Asker: 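Let me begin by handing over the structure; questions about it come next.
All values derive from a computational prediction rather than experimental measurement. Ligands are counted one by one from 1 in listed order, and the atoms in each one are counted from 1 as well.
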Amino acid sequence: MLFFKEFNQTILEILILIILVFILSILKFYYDYFTRSTSYSGPLPVPILGNLHQYYYHRNDIQTWLQHLSLKYGDVFELYFGSCKYLMISDSRVVERVMSPLKDNNYFVRVTTKEGLEDLQKGHNGILFNVDFNSWSNIKKIFIKAVAAPNSLRFGMKLINNGFKDLEKFLDLLIEEREEKSIEVDFIPWTRRVFAEAIMLLLTNRHPDLLSTYYNRITNKNPDNIQKNLHEEFFDRLNITSDCVQYYLMVPSLIRNLPFVNFYTSYLYNNMMWTRNYMYSLVKERIEENESIDYKEKLLSPDMLNLLLSANISKDNDGNEKPMTIEEIGDNIAEILIEGVDSPSNTLSFFLYYVGNDPDIERRVLEEIGNTFNHRPKFNITYEDLNKLEYIEAVIKEVLRIRPVTATISRFTAHPDQINEYKIPPSTQLSVNIMGLHMNPNYWEEPMKFNPSRFLGNNEKETYDKNAFVYFGGGIRMCPGRQFAMTQLKMMVVLLYSKYKFEVITKDPSSQYSVNTQCKELKVRIKHKK
Ligand code: HEM
């Protein structure tokens, strides 16, 4: 009896001790929080999680949540992901400094080495998370040559043209089958496949046959019996890969490894590894191919994969330049594929949605296409033609103002800074709050209204504050694929609206899960134009 009494007593003491430690650590957390040196307002964080629980609560519409927070807490406020503090910025004066085009602007780095990136064995050697200026700029030069040089832009147009021809073939087959000569489809899988085929061909000279495999599956009586091919599987997993990187950057490993949470963590991690292994085998295949052809032929295919294979970008331990490893090359290509597929396809889907819901805007889009191409039934679109499409460009900009491809853009500062009234302490993680800027009544008249005409002024600087419009980011890390993306988008708009009439059925194609905008669904009825 006495033994049990003493045993219970000890258990009780241990419990009290645990509760005391728990209470003390909470008190310490809030003491540190309320006495922090430079403080901005923001939603109250909780220990370990910070504001992550609020983030996940609002995960279906992070952009609106961030917009509300900036209205509530001001143009510079704090948000905690785990114990990491982010300063969320939606003051255009701060953005101007943070997104300066100068090489040594103090804000070159996106994020510093984070345990999350290390846990993913994702080094800092690609474009997106590179912290070393020289290695980043070498890879960027290759990117510009393969994607953004005038020849590459023209080649990109040709690829979109070919992709559209395939799309047209399959849509026409579907339309012809119907008595009513129209078809209702979710447009997202189609548009995503056109862009994915184009960027894959541009970067790796490999045709992934995504449109034909998709058509075969949806027209088969037992679609579930038709297995996805490897390329399809890869592109379906790509946006999970992008979510995985965000998740590893934001969620501390302690939480990632908690029971039940670890199921989700493994799901993301395994997806990431699957896409990586796919990329690595693609690189290995190319190395074998190159070994079997002569030097002259190799020069004929200056795609990004070959350019990366022949460049000396990495450095060994003694600082000597050396070729990149298969893994480094694969990760580089995968990064660009992620950027190059989802951003344009979401933008095009939202374009169809907004234009389809406003007959006046639709009329102006059709008029511009008609006038530019003189109502020619068959035409070859040139790069110069695309530059004339001012109204369509304004609609694309307005889509990207209201539906930016990402809710935030990160920058890290090593040195302290003072930007107007804002003090930026050293080692601060900044995050440009895009919705806070794009929907800010200080910078935009009727910000909630979809109004492309706001971008039609003769001189952009006079009509809007360019630091309040960061649809392609800004400064030295600004999207290097922007011209390529704009060219492809305009081309798709011209081709689609010249041939088809669209009736938008989906009422709310709102964004989905995570900081990246994902158009969830876009049901449209498509028929031929008379
Ligand atoms: C509608 C289409 C697109 C939009 C709205 C878009 C937007 C963005 C934004 C906001 C950033 C961050 C910029 C910053 O940190 O300041 C970015 C970065 C990037 N984008 Fe795009 N993008 C698009 C299409 C593309 C395409 C088609 C490619 C490739 C072919 C691409 C490649 C990249 C790369 C490599 C980066 C990282 C740049 C760096 O860290 O230095 N993007 N993009």
Side-chain angles (χ1 to χ4, degrees), residues 89 95-96 98-101 103 105 107-111 124-133 135-149 152-153 155-156 159-160 191-192 194-196 198-204 238 242 245 303-304 331-351 393 395-412 430-435 437-438 467 469-493 515-517 519:
I89 312 278
V95 172
E96 182 172 19
V98 168
M99 290 190 161
S100 137
K103 175 180 160 183
N105 79 343
Y107 298 96
F108 164 72
V109 172
R110 256 182 223 292
V111 286
H124 282 282
N125 43 28
I127 295 196
L128 217 54
F129 295 108
N130 207 323
V131 291
D132 176 63
F133 183 82
S135 127
W136 168 85
S137 100
N138 283 337
I139 295 171
K140 195 164 156 184
K141 273 184 210 146
I142 293 183
F143 177 93
I144 302 288
K145 198 165 169 192
V147 179
S152 315
L153 292 179
F155 185 51
L159 294 174
I160 286 290
T191 168
R192 208 169 175 273
V194 175
F195 287 115
I199 191 80
M200 186 75 171
L201 274 160
L202 186 78
L203 298 184
T204 68
L238 255 195
S242 151
V245 177
D303 57 50
M304 180 119 185
D331 288 350
N332 266 304
I333 299 274
E335 253 182 26
I336 297 165
L337 286 174
I338 292 177
E339 296 295 322
V341 177
D342 283 337
S343 303
S345 55
N346 278 307
T347 308
L348 183 63
S349 304
F350 282 119
F351 185 104
E393 181 163 325
V395 181
I396 296 174
K397 283 181 171 173
E398 184 65 345
V399 166
L400 286 167
R401 185 185 68 83
I402 289 209
R403 298 288 188 174
V405 294
T406 170
T408 61
I409 299 176
S410 302
R411 293 288 191 274
F412 179 84
L430 300 164
S431 192
V432 175
N433 173 2
I434 303 192
M435 280 311 253
L437 276 171
H438 286 191
N467 296 306
F469 187 44
V470 288
Y471 61 134
F472 282 120
I476 198 163
R477 303 291 299 239
M478 190 179 197
C479 173
R482 58 194 180 279
Q483 272 165 305
F484 184 76
M486 269 297 192
T487 311
Q488 289 199 320
L489 281 167
K490 286 184 188 170
M491 180 103 183
M492 276 300 278
V493 166
V515 289
N516 295 328
T517 304
C519 189

Asker: So do Leu489 and Glu393 actually touch side chain to side chain, heavy atoms under 4.5 Å?
Answerer: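 When only atoms from C-beta onward are counted, Leu489 and Glu393 do not touch, as no gap falls below 4.5 Å.
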Asker: Are any side-chain N or O atoms of Ser152 and backbone N or O atoms of Lys145, one a donor and one an acceptor, separated by less than 3.5 Å?
Answerer: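 Between the backbone of Lys145 and the side chain of Ser152 there is a qualifying donor-acceptor contact (under 3.5 Å).
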Asker: If we ignore hydrogens and angles and just use 3.5 Å, is the side chain of Asn332 paired with the main-chain N or O of Glu335 as donor and acceptor?
Answerer: no
Asker: I'd like to check the side chain to side chain contact (heavy atoms under 4.5 Å, CB included) partners of Thr204; sequence neighbours left out, ordered by chain and number.
Answerer: Met200, Arg206, Leu282, Leu305, Ile333
Asker: Kindly tell me which protein residues have any non-hydrogen atom under 4.0 angstrom away from an atom of ligand 1, grouped by chain and ordered by number?
Answerer: Met99, Arg110, Ile127, Leu128, Trp136, Phe143, Val147, Ile199, Ile336, Glu339, Gly340, Ser343, Pro344, Thr347, Leu400, Val405, Ile409, Arg411, Tyr471, Phe472, Gly473, Gly474, Arg477, Met478, Cys479, Pro480, Gly481, Phe484, Ala485, Leu489
Asker: Is the backbone N or O of Ile127 less than 3.5 Å from a side-chain atom of Arg477, with the two atoms forming a donor-acceptor pair by type?
Answerer: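 Yes.
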Asker: Is the backbone of His438 close enough, under 3.5 Å, to the side chain of Arg401 for a donor and an acceptor to pair up by distance?
Answerer: yes
